[in-house]
Amino acid sequence: MRSVQRTPWSWPGRPDPGLLRDVALVCLAGGVVGVSFGAIAVAGGLPVWVPVVMSLVVYAGSAQFSAVGVLLAGGGPVAAAATGLVLNTRTAAFSLAVAEHIGRSRLARLVGAHLVTDETVAFTLAQRDPARRRAAFWVSGIGLFTVWNACVAAGALAGGALGDTARYGLDAAFPAVLVALVLPALREDAGVRRAALAGAVLALALTPAVPAGVPVLAALAGLALHGRAPGKRKEP
């Protein structure tokens with residue numbers, strides 16, 4: 001009897017319904033933000049191709065919003081690119097966290113590096129075994145990339161007709177879904193709770209004083225508290 005050889009990112013058996021459901025919810029929330037980004041960019045005076053190409057090449061929501069904000073405020077492309085690069089430095093740490101789950105081939109690493117986002121990292125690290133982590137990364141990465149770019153293009157083509165989607169409260173869907181994704185890890189691991197709390201406090205303290213996106217990067221400092229149990233000594 002011939003054995004069926006699975007690809008490195010395939011699930012054992014049928015795809016996990018829970019993962020597909022969660023990815024669909026995040027894609028829905030991300031799509032709303034993508035439509036908003038495309039519409040805001042074009043309504044501000046940028047050509048339709050700018051947000052579309054930026055989403056394909058840069059693919060980083062916070063960096064894209066910041067770069068477009070710089071351009072619409074009269075800044076040059078160099079200033080806009082520098083802003084995006086600074087805000088995207090956090091993905092370097094994220095990439096290290098999921099590097100072993102992307103794949104070993106050069107093509108897999110090249111494509112996978114472009115798909116690393118806050119959401120794909122959250123999906124990946126939420127799984128408990130390597131095979132499922134790899135599947136979660138690719139399912140969420142491809143799904144989010146496809147939906148984001150399609151919705152940015154739709155928003156850009158719609159232009160200013162949609163208005164500001166934030167007034168409908170739809171922008172709250174994206175962070176709400178992310179919170180739902182990390183809740184299981186917060187419940188199970190005291191070290192994660194300590195790190196998350198420290199990072200959240202630091203991010204909130206910096207928010208009024210620094211550009212958008214920088215507090216998220218600074219919150220990574222909370223990882224220094226992960227695994228440290230106050231008042232207890234580790235057994236050898």
Side-chain angles (χ1 to χ4, degrees), residues 16 18-19 21-30 32-33 59-66 84 86-102 112-113 115-130 132-141 143-144 148 166 169-235:
D16 179 37
L19 173 69
R21 180 196 63 232
D22 292 343
V23 169
L25 289 173
V26 174
C27 284
L28 177 62
V32 171
V33 180
Y59 184 50
S62 60
Q64 290 179 224
F65 272 104
S66 299
V86 170
L87 296 181
N88 259 6
T89 51
R90 71 184 188 278
T91 59
F94 293 163
S95 298
L96 293 175
V98 298
E100 62 180 309
H101 307 299
I102 292 177
L115 299 180
V116 171
T117 62
D118 306 47
E119 302 78 39
T120 56
V121 172
F123 276 121
T124 301
L125 299 184
Q127 310 303 317
R128 294 190 174 277
D129 64 81
R132 290 180 178 270
R133 285 188 171 189
R134 185 167 298 175
F137 176 84
W138 286 104
V139 169
S140 62
L144 286 165
W148 172 260
L170 296 177
D171 55 326
F174 200 60
V177 172
L178 286 180
V179 170
L181 285 175
V182 301
L183 278 179
L186 293 176
R187 293 194 191 102
E188 296 175 5
D189 193 327
V192 172
R193 288 196 295 272
R194 285 193 298 272
L197 179 61
V201 170
L202 181 59
L204 287 173
L206 292 176
T207 296
V210 298
V214 175
V216 177
L217 178 62
L220 293 173
L223 293 174
L225 297 180
H226 185 266
R228 294 186 179 180
K232 294 184 179 180
R233 295 180 61 186
K234 290 185 177 180
E235 295 294 332

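Quick note: residue numbers are just sequence positions, from 1.
With contacts defined as side-chain heavy-atom distances shorter than 4.5 Å, the pair F137/V121 does not qualify. Residues E119 and W148 form no side-chain contact, since every pair of their non-hydrogen atoms from C-beta on lies 4.5 Å or further apart. Using a 4.5 Å heavy-atom cutoff, the side chains of F123 and V98 are not in contact.
Interatomic distance, R132 CZ to Q127 CD, rounded to the nearest 0.5 Å: 7.0 Å. Between the CG atom of L202 and the OG1 atom of T207 there is a distance of 9.0 Å, given to the nearest 0.5 Å. Atom OG of S140 sits about 7.0 Å away from atom CG of L19, to the nearest 0.5 Å.
Here the side chain of R134 pairs a donor or acceptor atom with the backbone of E100 at under 3.5 angstrom.
The side-chain hydrogen bond (donor to acceptor under 3.5 Å, both in side chains) test applied to T124 returns no partner, not counting sequence neighbours. In this view, R128 and E188 satisfy the side-chain hydrogen bond (donor to acceptor under 3.5 Å, both in side chains) rule, not counting sequence neighbours. Residues that satisfy the side-chain contact (heavy atoms from CB on, under 4.5 Å) test with L204, not counting sequence neighbours, are absent from this structure.
Scanning both residues, W138 and I102, for their nearest heavy atoms gives NE1-O, 2.9 Å.
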